[in-house]
**Q** 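Just dropping this structure here.
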There are 2 protein chains.
Amino acid sequence: MNDAGRIAATAALLGEPARANMMAVLMDGRALTAKELAFAAHVAAPTASGHLARLTEAGLLAMRKQGRHRYFCLASPGIGRMLEAIMAATQPVAGPPTTWRGGEALRTARTCYDHLAGRLGVGLADALSARGLVVLGEDGGEVTADGHAFLQRFGADTAPRPRGPTRLFCRPCLDWSERRPHIAGRLGAALACRCFELGWIARERDSRAVRITQAGRIGFGAVFGMELAG
Amino acid sequence: MNDAGRIAATAALLGEPARANMMAVLMDGRALTAKELAFAAHVAAPTASGHLARLTEAGLLAMRKQGRHRYFCLASPGIGRMLEAIMAATQPVAGPPTTWRGGEALRTARTCYDHLAGRLGVGLADALSARGLVVLGEDGGEVTADGHAFLQRFGADTAPRPRGPTRLFCRPCLDWSERRPHIAGRLGAALACRCFELGWIARERDSRAVRITQAGRIGFGAVFGMELAG
DNA sequence: ACGGCGCTTCGGTGCAGCCCGAAGGATGGA
DNA sequence: TCCATCCTTCGGGCTGCACCGAAGCGCCGT
């Protein structure tokens, strides 16, 4: 199997709308049951079962049996990065932000794999950029000296890893609703994690959307100088 | 069109072996004619024409008319990164290096989009790592202070971009033949570019393979301490 | 032990799309 | 002007695969 063969094999799996729906739903890192994925993909259980078997066989998904349920999640962070790369590369030409089907909550704030996206995520990136704490470009990002000090005070885990970086620290990730970058990578995950810890945001059930709490509204304003509408 | 829809649409295009072959051949950034791509994809001209039209329509390829020829190339660097991400994510489990079909030249040294891969690319990464000039991890890389000084002496363009980084500077890219990382990103491109300038390597016709010249054999040994077999 | 539930396997149907040969513009050279 | 080359459009054959209903297997709670 050569380069092109692997690309074709993988892309063929992702090219079926039902399977693409499943992968997209799993992008935030959660594990879902076969039935939930069947519903998300708008297909019957037998059809979903077949798809899930093929995705697992190909190493795109990992499966864990638990009682009578079978939980599926992305097989590795690399799979998530691949999906992000596909979405980033196929970003439609500039224009007014897409209207999401019933997705106002998603546009406000949501998780993107393991970091924050939506207006909250983009606003966070803007706030950090404006203060010179991070520098974001098309394909990479850097944290300034001021930024490291700030993040440490904020309580985000920015300690370097023992044996060199094993995951990109600061990486821009194009936001599908806002069409502007937010912060991904280990920093993005650390920021999101710390915001959950502080109770500034909370996950909505069965959705990638997150809700900004009252404490969050105050905190984002005081610490990052962000004004959150609503 | 939502996230999953865009993934599905793009992946469906890439999921056809003929189209995947075309994209893979174009990964090194060259522009090829429709006929050349038909040959690379092992299909007849009419079939290739249809595929190319769809890929161009979808924004994955860009087309330039020139005389009676039509040259196709990747529409943007982002498309190349997407293809790399797919290959990286679908890396088969560890094992003995794959035997390439008649690809000894490719295994020795080749271009991977715009940087060097194969034993030469991996060797270069190893040499720089061993000397503490760069630190490579799973998902990111850094150039040390010594590394910056070394690269400047070598003549690779490592000047920071005017308004922040617009492309990731140092990034590991998993090598398909060697199963180990080589250096991609702006640094990878700069290194490859400088090696071509110095006449250490030369492109093989109609292939991603590159040939190491006699000057290169001496240069890689003297400057990077690399011993190149053959 | 038994029924309920989640998931899988099996068989048949139907559609989407890949593929090529032949014919039709378009371009450049003789 | 005429031909050769490159590319595209058109039409028909064919394969592959997504999809679902029904039936089978394993696990849990009662």
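Below, all heavy atoms of this structure are taken into account, side chains as well, without hydrogens, waters or symmetry copies.
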**Q** Considering non-hydrogen atoms only, spot the tightest contact between B:Leu116 and B:Cys195 and give its length.
**A**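 Shortest heavy-atom contact: CD1-SG, 4.5 Å.
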
**Q** In whole angstrom, what separates A:Leu32's CG from C:dG6's P?
**A**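 A:Leu32 atom CG is separated from C:dG6 atom P by 15 Å.
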
**Q** Which pair of heavy atoms, one from A:Gly15 and one from B:Ala11, lies closest together, and at what distance?
**A** N-CB, 3.5 Å

**Q** Counting only heavy atoms and a strict 4.0 angstrom limit, can you tell me which residues of residues 62-71 of chain A come near DNA chain C?
**A** A:Arg68, A:His69, A:Arg70

**Q** For B:Lys35 and D:dT8, what is the distance between atoms NZ and P respectively, to the nearest whole Å?
**A** 13 Å

**Q** Using atom types as modelled and distance alone, determine if a side-chain donor or acceptor of A:Thr213 lies under 3.5 Å from a backbone N or O of A:Gly199.
**A** yes

**Q** Parallel, tilted or perpendicular, judged at 30° and 60°: which one describes the rings of B:Phe154 and B:Trp200?
**A** tilted

**Q** Using a 4.0 Å cut-off on protein heavy atoms (strictly under), produce a 5'-to-3' string for nucleotides 14-21 of chain C with B for base contact, S for backbone-only sugar-phosphate contact, and - for none.
**A** ----SSBB

**Q** Identify the residue among B:Met23, B:Met22, B:Met63, B:Glu36 that makes a side chain to side chain contact (heavy atoms under 4.5 Å, CB included) with B:Phe72.
**A**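 It is B:Met63, the one option of B:Met23, B:Met22, B:Met63, B:Glu36 that forms the side chain to side chain contact (heavy atoms under 4.5 Å, CB included) with B:Phe72.
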
**Q** After noting the C-alpha distance and the side-chain angles of A:Arg194 and A:Glu197, does the key distance pass the salt bridge (charged side-chain N to carboxylate O under 4.0 Å, His left out) rule?
**A** CA-CA 5 Å; A:Arg194 182 61 174 155; A:Glu197 274 179 17; 2.9 Å; yes

**Q** Roughly how many Å is it from CD in B:Glu36 to P in D:dC6, rounded to a whole number?
**A** 10 Å

**Q** Quick check against the 3.5 Å criterion: does B:Arg19 have a side-chain atom that pairs as donor or acceptor with the backbone of B:Ala12?
**A**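 Present.
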
**Q** Tell me whether B:Glu57 at atom CD has more than 12 heavy atoms from other residues, nucleotides or ligands lying less than 6.0 Å away.
**A**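 Open.
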
